[in-house]
Structures are given as C-alpha cells and as structure tokens.
Amino acid sequence: MNSYEVNELPEIDKDKLIEILTDELPVLRAKIGVSQDDISKIIGISRQTYSAIETKKRRMAWNTFLSLILFYGYNEKTTNYVEAIGAFPPSLRKTLSINRRIKED
C-alpha cells in the first residue's frame with residue numbers, strides 16, 4: 001500500500017494570504033460567474049458564512065482558504081489572477097500539488 005509524505009512545509013503567512021484572497025472574492029466569483037450560493041456549496045460552507053467572509057464580517061478559516069484557493073487557483077478563468085495578486089504563492093502551490101513522495105512498502 002502507498003502512503004504520502006509532505007517533505008518540506010514552507011513558512012506561510014496565513015493571515016496575509018487570507019487577507020489578500022478575502023479582498024478579491026467578489027472579483028473572482030464574477031470572473032467565473034458563480035453565485036455565493038454556488039461557491040458555498042462547492043467548498044462546503046453555508047451561504048451565510050460565505051457572505052460574511054466576502055463582506056468581511058467574519059474572518060476566513062484556513063481550511064476555507066485552502067478550499068477556495070484550490071477552486072480558483074486551478075480554474076482556467078482565475079488561475080493567472082490568483083497568482084498575480086499573490087494569493088497562491090509558488091511555495092504553497094508546490095506543497096499542495098507536487099511536494100509529495102510515494103513510499104514503497
């Protein structure tokens with residue numbers, strides 16, 4: 001059976017990344033053309049919670065950030081924008097996508 005190991009976790013300023021993404025949520029949704037209800041269903045939170053995050057009445061949790069960054073960071077309509085604003089730095093992209101090694105039994 002194979003298992004995965006994360007080799008090196010980069011130092012990440014989670015609060016800064018959350019702040020950057022929060023500021024751009026309305027623009028990102030518009031680029032894809034999804035409603036708050038649609039995106040909340042996709043990432044597994046209530047529409048009310050998503051709305052409160054987007055309007056800055058509630059701080060985004062790190063797991064919500066990761067769900068959103070994977071959704072927007074790998075969507076062809078938003079991937080370049082997410083990179084340009086600095087919300088998905090290469091170190092985090094590498095950790096989430098290729099910084100894994102399969103261990104052989």
Side-chain angles (χ1 to χ4, degrees):
M1 182 174 193
N2 293 329
S3 61
Y4 295 92
E5 178 181 315
V6 176
N7 294 323
E8 296 179 19
L9 290 174
E11 286 295 319
I12 298 171
D13 186 346
K14 294 177 182 178
D15 291 331
K16 182 65 177 169
L17 294 178
I18 287 170
E19 180 183 326
I20 291 168
L21 188 62
T22 300
D23 289 344
E24 300 298 328
L25 287 176
V27 173
L28 288 163
R29 273 194 318 102
K31 285 183 175 289
I32 295 178
V34 295
S35 68
Q36 286 184 345
D37 191 51
D38 293 335
I39 193 69
S40 65
K41 286 177 182 173
I42 290 166
I43 65 168
I45 62 175
S46 72
R47 189 208 50 79
Q48 292 83 0
T49 298
Y50 182 85
S51 177
I53 291 168
E54 194 173 277
T55 58
K56 301 179 184 177
K57 294 177 182 171
R58 181 176 180 160
R59 186 181 182 282
M60 183 186 312
W62 181 244
N63 61 337
T64 300
F65 170 87
L66 291 173
S67 296
L68 288 167
I69 209 66
L70 289 172
F71 179 75
Y72 290 123
Y74 289 105
N75 185 293
E76 66 182 31
K77 294 180 181 178
T78 54
T79 210
N80 291 335
Y81 188 79
V82 168
E83 289 176 12
I85 63 172
F88 201 6
S91 60
L92 181 57
R93 183 179 294 273
K94 182 178 179 186
T95 298
L96 294 176
S97 63
I98 61 171
N99 198 14
R100 295 176 298 197
R101 183 182 72 189
I102 298 175
K103 288 182 176 180
E104 295 182 16
D105 292 325

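- Between Glu19 and Asp13 the shortest side-chain heavy-atom distance does not fall below 4.5 Å.
- Summarising the geometry, atom CE belonging to Met60 is positioned 5.5 Å from atom CG belonging to Leu68; distances are rounded to the nearest 0.5 Å.
- With rounding to the nearest 0.5 angstrom, the OG1 atom of Thr78 is 10.5 Å from the CZ atom of Phe88.
- Between Ile45 and Ile53 the shortest side-chain heavy-atom distance falls below 4.5 Å.
- Listed by chain and number, the residues in a ring pair (Phe, Tyr, Trp, His ring centres under 6.0 Å) with Phe65 are Trp62 (sequence neighbours excluded).
- The distance from atom CD1 of Ile42 to atom CG of Leu70, rounded to the nearest 0.5 Å, is 12.5 Å.
- Summarising the geometry of Pro26 relative to Thr22, their closest heavy-atom pair is CD-O, 4.2 Å, with the distance given to 0.1 Å.
- With a 4.5 Å cut-off on side-chain heavy atoms, Ile39 and Leu25 do not count as touching.
- Residues passing the salt bridge (charged side-chain N to carboxylate O under 4.0 Å, His left out) test with Glu24: none are found, sequence neighbours excluded.
- For CZ of Arg29, the number of neighbouring non-hydrogen atoms (other residues, nucleotides, ligands) closer than 6.0 Å is greater than 12.
- Distance CD/Glu76 to CD1/Ile32: 9.5 Å, rounded to 0.5 Å.
- Using modelled atom types, one side-chain atom of Asp38 and one backbone atom of Ser35 make a donor-acceptor pair closer than 3.5 Å.
- The minimum heavy-atom distance linking Ile20 with Gly86 is given by the pair CD1-O, 3.9 Å.
- Tyr50 is not listed as a side-chain neighbour of Lys41, based on a closest heavy-atom distance of 4.5 Å or more.
- Here the side chain of Ser40 pairs a donor or acceptor atom with the backbone of Asp37 at under 3.5 angstrom.
- Every salt bridge (charged side-chain N to carboxylate O under 4.0 Å, His left out) that Asp23 has, sequence neighbours left out, goes to Lys56.
- With rounding to the nearest 0.5 Å, the separation of CG in Leu21 from CG in Leu17 is 8.5 Å.
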